[in-house]
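Here's the structure we're looking at; comments come further down.
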Amino acid sequence: QVQLVESGGGLVQAGGSLRLACAASGRTFSTYGMGWFRQAPGKEREFVAAISRFGGNAYYADSVKGRFTISRDNAKNTLYLQMNSLKPEDTAVYYCAAGNFPSGRYYDTPDKYLYWGQGTQVTVSS
C-alpha cells in the first residue's frame, strides 16, 4: 500500500495562489493514478483533478479548469496541485488520493480511490 501526506495549505486572499504537495511512501508511486479532491463544510467530497501514472494525461473539474494544474514527480514520489486565481468558493479541505486507473481513463468519484491522505485546509478570503 501507499501512505500519502499533504502539505501547502493555508490562508490566501482571493486572486492569490497556493501550491499543494502530496508526498507518497510505500509501494511504487508510479504504480498509481493520482487525484485531488476537496470537501467544504456541509458538502460532499468533490473531484478536483487527476493525473495518469506517468503524468501524460491530466483531467480537471470544470470549476477549476484553467486555474489549477496537477502534476507529479515520480522521482520524488510527489504529487502537486498548483492553484492560481483562487476564489472564496475554493475554500475546502484538499485531499490527495491514489487509485488504479484503467488504461487511458481516470476516476472522478472518491469510491474508486484506494488510499487517501489526511487533508490540508485551504481558505480563500474575499
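Everything numeric in this text was worked out from a predicted model, so none of it was measured. The first residue of the sequence shown is numbered 1, and numbering continues consecutively from there.
- The hydrophobic cluster containing Val48 does not contain Tyr80, counting ILVMFWY residues as joined when their side-chain heavy atoms lie under 4.5 angstrom apart, directly or transitively.
- The salt bridge (Lys or Arg N to Asp or Glu O under 4.0 Å) search around Lys43 returns none, not counting sequence neighbours.
- A 4.5 Å side-chain heavy-atom check between Phe54 and Ser30 finds at least one atom pair inside the cut-off.
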Would you please test Tyr95 and Trp36 for side chain to side chain contact (heavy atoms under 4.5 Å, CB included) and show each step?
-> CA-CA 6 Å; Tyr95 300 89; Trp36 285 100; 5.9 Å; no

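- Ser85 places no side-chain N or O within 3.5 Å of a backbone atom of Gly15 that could act as its donor or acceptor partner.
- With contacts defined as side-chain heavy-atom distances shorter than 4.5 Å, the pair Val2/Tyr32 qualifies.
- The shortest heavy-atom contact between Ala92 and Ala40 is CB-N, 3.8 Å.
- Among residues two or more places apart in sequence or in another chain, the salt bridge (Lys or Arg N to Asp or Glu O under 4.0 Å) test is passed with Arg38 by Glu46, Asp90.
- The shortest non-hydrogen separation linking Leu18 to Gly8 is CD2-O, 3.9 Å.
- Counting heavy atoms from C-beta on, the side chains of Leu79 and Glu6 never come closer than 4.5 Å.
- Asp73 and Thr78 share no donor-acceptor pair across their side chains, judged by distance under 3.5 Å alone.
- The line from OH of Tyr107 to NZ of Lys112 is 5.5 Å long, rounded to the nearest 0.5 Å.
- At a threshold of 4.5 Å between non-hydrogen side-chain atoms, the residues Gln82 and Ser17 count as touching.
- Annotation: side chain of Met83 is in contact with side chain of Tyr94 (closest heavy-atom distance under 4.5 Å).
- Taking the ring axis of Phe29 as reference, the NZ or CZ atom of Arg72 stays within 45° of it and closer than 6.0 Å to the ring centre.
- Nearest approach of Gly35 to Tyr113, heavy atoms of both residues: N-CE2, 3.7 Å.
- For the pair Thr69/Asn84, no side-chain contact is recorded, criterion being any heavy-atom separation below 4.5 Å from C-beta on.
- Under the 4.5 Å side-chain criterion, counting only non-hydrogen atoms from C-beta, Leu86 is in contact with Phe68.
- One finds the CD atom of Gln118 at 7.5 Å from the SG atom of Cys96 (value rounded to the nearest 0.5 Å).
- Checked against the 6.0 Å centroid threshold, Trp116 and Phe37 count as a close aromatic pair.
- Judged purely by distance below 3.5 Å, without hydrogens or angles, the side chains of Gln3 and Ser25 pair a donor atom with an acceptor atom.
- Note: Tyr106 and Phe47 meet the aromatic proximity criterion, with ring centroids under 6.0 Å apart.
- Remark: Ile51 CD1 to Leu81 CG distance equals 10.0 Å, nearest 0.5 Å.
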Are Val122 and Leu11 close enough, and set up right, to give a side chain to side chain contact (heavy atoms under 4.5 Å, CB included), and what steps lead you there?
-> CA-CA 6 Å; Val122 172; Leu11 173 64; over 6 Å; no

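- Of all the heavy atoms in Ala58 and Ile70, the pair that sits closest is CB-CG2, 3.7 Å.
- In this structure, Arg53 fails the cation-pi test against Phe101, since its NZ or CZ atom is not both closer than 6.0 Å to the six-membered ring centre and inside 45 degrees of the ring normal.
- Two residues are said to be in side-chain contact when any heavy atoms from C-beta on lie closer than 4.5 Å; Val12 and Thr123 fail this criterion.
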